[in-house]
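Only this structure's heavy atoms are used, side chains among them; waters, hydrogens and symmetry mates stay out. One-based numbering along the sequence shown. Worth saying up front: this structure is predicted, and the values here are computed from it rather than measured.
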Amino acid sequence: METSQTDASRQIRERVTPDSLLHTRTGTEVAPEDLVLATGRDVTPSNLEWARRKLDQEGPAAIEKLLP
């Protein structure tokens, strides 16, 4: 039995979490280490400095751009 493309699209949409239910912030301050880890990088002095600069420029919303 072959599934139509419409049925397959509907099944995918039913498994996807809506944006309104996704939350990355915990209500706490975002640390440079959090930002580095969210990028998948190692916590090194240079990566921490990058994260500090990014947080200074963008604030806690910087992590929202990296995580859904």
Side-chain angles (χ1 to χ4, degrees):
M1 180 175 177
E2 190 173 314
T3 304
S4 72
Q5 187 173 9
T6 304
D7 288 342
S9 296
R10 186 170 16 97
Q11 289 174 350
I12 290 171
R13 281 193 308 273
E14 289 172 356
R15 292 188 309 214
V16 174
T17 304
D19 288 343
S20 63
L21 298 178
L22 295 173
H23 305 281
T24 56
R25 300 236 7 237
T26 62
T28 61
E29 190 172 322
V30 177
E33 291 84 357
D34 298 330
L35 198 59
V36 171
L37 293 173
T39 64
R41 299 176 185 174
D42 291 330
V43 179
T44 64
S46 63
N47 287 340
L48 287 172
E49 183 57 34
W50 166 84
R52 284 186 195 96
R53 285 192 312 271
K54 191 156 183 75
L55 286 171
D56 286 343
Q57 293 171 357
E58 300 177 22
I63 200 163
E64 295 292 330
K65 294 177 182 178
L66 298 171
L67 301 174

message: So, using side chain to side chain contact (heavy atoms under 4.5 Å, CB included) as the criterion, who are the partners of Thr44 when residues are at least two apart?
response: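 In terms of side chain to side chain contact (heavy atoms under 4.5 Å, CB included), with neighbours along the sequence ignored, Thr44 is linked to Asp42, Ser46, Asn47.
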message: Run the salt bridge (Lys or Arg N to Asp or Glu O under 4.0 Å) test against Arg52 and tell me which residues pass, sequence neighbours left out.
response: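 With neighbours one apart ignored, the set is Glu49.
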message: If the condition is salt bridge (Lys or Arg N to Asp or Glu O under 4.0 Å), which residues does Glu58 pass it with, not counting sequence neighbours?
response: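 Glu58: salt bridge (Lys or Arg N to Asp or Glu O under 4.0 Å) contacts with Lys54, Lys65.
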task: Could you tell me which non-hydrogen atom of Leu66 sits nearest to which non-hydrogen atom of Ala38, and how far apart they are?
output: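 It is CD1-CB, 4.3 Å.
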- request: Grab the two heavy atoms, one from Leu35 and one from Ala51, that are nearest each other, plus how far apart they are.
  value: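 Leu35 and Ala51 have their closest heavy atoms at CD2-O, 3.7 Å.
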query: Name the one of Val43, Asp56, Leu37, Leu48 that satisfies side-chain contact (heavy atoms from CB on, under 4.5 Å) with Pro32?
result: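 For Pro32, the side-chain contact (heavy atoms from CB on, under 4.5 Å) test succeeds with only one of Val43, Asp56, Leu37, Leu48, which is Leu48.
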